[in-house]
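Quick notes on the structure that follows.
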Number of protein chains: 2
Amino acid sequence: MRRLVELQQKLLPDLVQVLRERYMLLRSIDHLQPIGRRGLAQAMGTTERILRAEVELLKDSGLLHVSAAGMNLSVEGQQVLDEMEPLVGELFGLTDLAEQLQRLLGIPEVIVVQGNADQSPWVKEELGRVAARVLKQIVQENDIVAVTGGSSVASLAHHLSAAPVFKTVQFVPARGGLSERAELQANTLASQMAARTGASYHLLHVPDRLQPEALQTLKKEQQVQEVLNLLRQARIVLHGIGDAISMAKRRNHSEAEIAELQEKGAVSEAFGYYFNEAGETVHHMPTIGLQLEDVKKAESVLSIAGGESKAKAILSFAKQSCQNVLVTDEGAARSLLSARL
Amino acid sequence: MRRLVELQQKLLPDLVQVLRERYMLLRSIDHLQPIGRRGLAQAMGTTERILRAEVELLKDSGLLHVSAAGMNLSVEGQQVLDEMEPLVGELFGLTDLAEQLQRLLGIPEVIVVQGNADQSPWVKEELGRVAARVLKQIVQENDIVAVTGGSSVASLAHHLSAAPVFKTVQFVPARGGLSERAELQANTLASQMAARTGASYHLLHVPDRLQPEALQTLKKEQQVQEVLNLLRQARIVLHGIGDAISMAKRRNHSEAEIAELQEKGAVSEAFGYYFNEAGETVHHMPTIGLQLEDVKKAESVLSIAGGESKAKAILSFAKQSCQNVLVTDEGAARSLLSARL
DNA sequence: TATCACCGGGACATTTTAAGTCCCGATCAA
DNA sequence: TTGATCGGGACTTAAAATGTCCCGGTGATA
């Protein structure tokens with residue numbers, strides 16, 4: 001039966017949304033009955049006319065009847081409501097989670113995919129697929145898209161496909177090499193995305209962990225300057241959110257550095273910045289690339305992070321209030337919400 | 001699982017229909033891939049633009065991808081298709097049955113509800129509910145609706161509800177008393193329908209089984225004349241279809257009459273006419289009311305009959321080719337179709 | 001390798017449907 | 001009896017769906 005629900009969501013995503021609205025409507029009526037159109041519209045935060053159409057449909061289905069006193073659920077409507085109760089979680093669970101996260105984190109749009117990336121590898125693919133869809137929706141002509149590294153963003157890259165609009169788009173790596181595996185580095189991903197979509201791309205050839213003098217020298221390089229300029233104009237930023245300690249280890253930080261990060265309470269990492277639970281920057285890796293202030297200037301910041309292990313990191317980074325869209329999974333979402341209850 | 005679909009269908013009446021269409025679309029693509037929009041539209045008997053919207057949705061769901069060569073199912077799409085296969089029978093069974101009946105009986109619209117009225121009493125209620133919905137859809141201002149007796153039509157009456165359009169509608173009994181229980185007689189039902197919908201109604205006070213002279217006298221009565229006139233102008237006819245022998249018994253025909261009906265091969269009854277398997281009139285009760293020729297002049301004839309015991313009768317009456325809508329049940333439908341295979 | 005039919009995506013006019021808004025007589029509660 | 005609220009109607013406006021044609025490009029075929 002569960003499988004049927006999943007099939008429906010694949011094949012009828014639009015209808016599931018409608019189903020959800022109708023269910024909520026029934027539930028509201030159940031709660032407020034007898035209630036009139038206008039009162040109900042106000043209570044549900046919708047308009048009178050739009051509600052009217054729905055009510056007429058439900059009336060024709062025999063789920064409610066109307067009288068001069070207002071609307072009441074019919075016996076059948078009550079029954080439908082009762083029988084749907086246990087299915088609601090499955091049918092709409094993810095949407096519900098998303099809405100709760102929107103409120104909790106203050107992010108305009110949150111999308112939750114099924115599963116837990118910590119447990120099931122395919123969930124990361126699903127995150128990427130959904131994030132790719134979001135990107136295709138928000139991308140515009142002549143956009144500059146800043147891209148970080150990491151497995152989440154890599155998964156996004158895998159699921160991009162060509163579209164005409166991408167012809168004028170530029171993908172720009174947000175950072176140089178960060179001692180990670182090549183296939184997860186921003187440079188690689190930017191070029192992959194460009195190849196898949198028909199966009200153009202740039203590379204930022206800056207080795208990781210430079211001495212301050214070398215850094216200054218490189219910053220003056222023509223090529224580097226150009227890329228940095230582009231980054232500052234980025235309209236879209238694609239990035240993952242990392243757990244601070246895991247990221248530090250993956251980047252081969254020394255034991256001492258890691259200890260220092262722990263002492264400072266670092267829980268999340270993004271763009272080379274480490275943040276504590278309150279969202280304060282506790283450390284900043286001295287490399288060249290996209291700066292936090294650039295991210296905040298960007299119009300669309302698309303974050304991708306899944307798995308319950310990322311929950312704290314997601315919460316921490318959300319304090320920056322710079323995200324527009326968060327694509328996450330059930331594992332992270334439930335962990336976040338249960339911690340706050 | 002079945003219950004889930006039923007629940008959803010109450011809230012989303014065309015869920016199954018849409019699901020069916022999308023499934024067929026996927027299947028067609030699977031079969032014809034790679035195929036372009038225009039080719040596919042032609043193959044599926046739809047238009048390019050409408051197909052395009054569907055394709056875009058499925059593409060966004062990741063079930064298919066498009067290339068310059070045409071569309072192909074994605075791995076996921078193939079998977080969805082495979083997994084739906086075993087569900088198709090159950091999901092679309094009734095729709096399929098309805099379509100097959102449309103072809104077999106030559107009736108423009110056939111609706112099949114779940115169950116078998118012979119076995120489950122509630123199926124008759126469902127028949128009535130669906131038929132009532134159909135009536136509400138087809139009724140227009142100033143309509144004259146001819147109504148026969150019987151339990152099927154009674155069930156329709158129970159499920160009617162008020163609507164503004166009914167204020168100008170007149171319900172007219174198709175026949176006078178027919179020695180049945182009062183609550184199943186046309187007069188009763190016409191008044192019931194009027195009461196429930198806010199329509200007006202007429203009564204036909206003609207006793208059953210009159211001597212020919214008395215019949216002639218009554219026919220000249222002012223009141224009777226008026227009702228007969230209305231019947232002749234009926235735009236909508238609501239009627240059940242009876243099994244010939246059962247009907248004869250219920251109406252207290254004599255043993256001799258029943259034997260005669262059997263001998264003549266009567267299998268169905270409607271409007272006081274008895275028909276054989278070929279659809280020929282083998283007997284006509286000498287009472288006043290709606291004539292078969294009036295039925296054939298009506299724009300909409302809505303037949304209601306369920307239960308496998310009615311299968312033969314339905315087939316027989318369909319030969320009259322006067323029906324526009326048939327509401328029946330699974331029991332009758334399967335019986336009809338298996339007999340013809 | 002040249003040709004050509006077919007492909008997807010775009011554009012746009014037109015139709016259809018949804019939605020916003022206000023009104024009215026009926027009905028119920030105070 | 002009064003007054004607020006109800007459902008349903010009517011009408012305008014906004015938005016979405018649809019029909020239709022075009023274009024540059026791709027892939028198969030000759």
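Here is the naming used below: chain letters follow the sequence lines, and residue numbers restart at 1 for every chain.
Side-chain to base pairing of A:Arg52 with C:dG20: no donor and acceptor N or O lie closer than 3.5 Å to each other. Residue side chain B:Arg37 reaches the base of C:dG9 through a donor-acceptor N/O pair under 3.5 Å, judged by distance alone.
Atom CD of A:Glu48 and atom P of C:dC24 are 15 Å apart (whole Å). Separating the CE atom of A:Met71 from the P atom of D:dG8 is a distance of 9 Å, rounded to the nearest angstrom. Per the geometry, CG belonging to A:Leu64 stands 15 Å off C1' belonging to D:dC6, to the nearest Å. C:dG8 atom P lies 11 Å from atom CD of B:Glu56, rounded to whole Å. When rounded to the nearest whole Å, the span between CD of B:Glu54 and C1' of D:dA17 equals 12 Å. A straight line from CD1 of A:Ile35 to P of D:dT5 spans 11 Å, rounded to a whole angstrom. Atom P of nucleotide C:dT17 and atom CG of B:Asp14 are separated by 13 Å, given to the nearest angstrom. Rounded to an integer number of Å, the gap from CG of A:Leu57 to P of C:dA19 is 12 Å.
Between A:Thr47 and C:dA19, a side-chain N or O to OP1/OP2 separation shorter than 4.0 Å is absent.
For A:Ala53 and A:Ala162, each mapped to the nucleotide of DNA chain C holding its nearest heavy atom, the one lying further toward the 5' end belongs to A:Ala162. Residues A:Arg49 and B:Ile50 both approach DNA chain D. Their nearest nucleotides, taken by heavy-atom distance, put A:Arg49 toward the 5′ side.
The minimum heavy-atom distance between A:Val123 and A:Gln114, with the atom names listed, is CG2-O, 3.7 Å. Listed here is the closest heavy atom pair of B:Gly128 and B:Ser155: CA-OG, 3.0 Å. When all heavy atoms of A:Asn324 and A:Glu299 are compared, the pair lying nearest together is OD1-O, 3.0 Å. Nearest heavy atoms, A:Lys124 versus A:Ser152: CE-OG, 3.5 Å.
Heavy atoms of B:Leu51 sit nowhere under 4.0 angstrom from any nucleic acid atom. In this structure, B:Lys59 reaches the sugar-phosphate backbone alone: every heavy-atom distance under 4.0 Å involves primed, P, OP1 or OP2 atoms, never a base. Within 4.0 Å of A:Leu40, counting heavy atoms only, lies no atom of the nucleic acid at all.
B:Gln8 and A:Gln8 share a side-chain donor-acceptor pair at under 3.5 Å.
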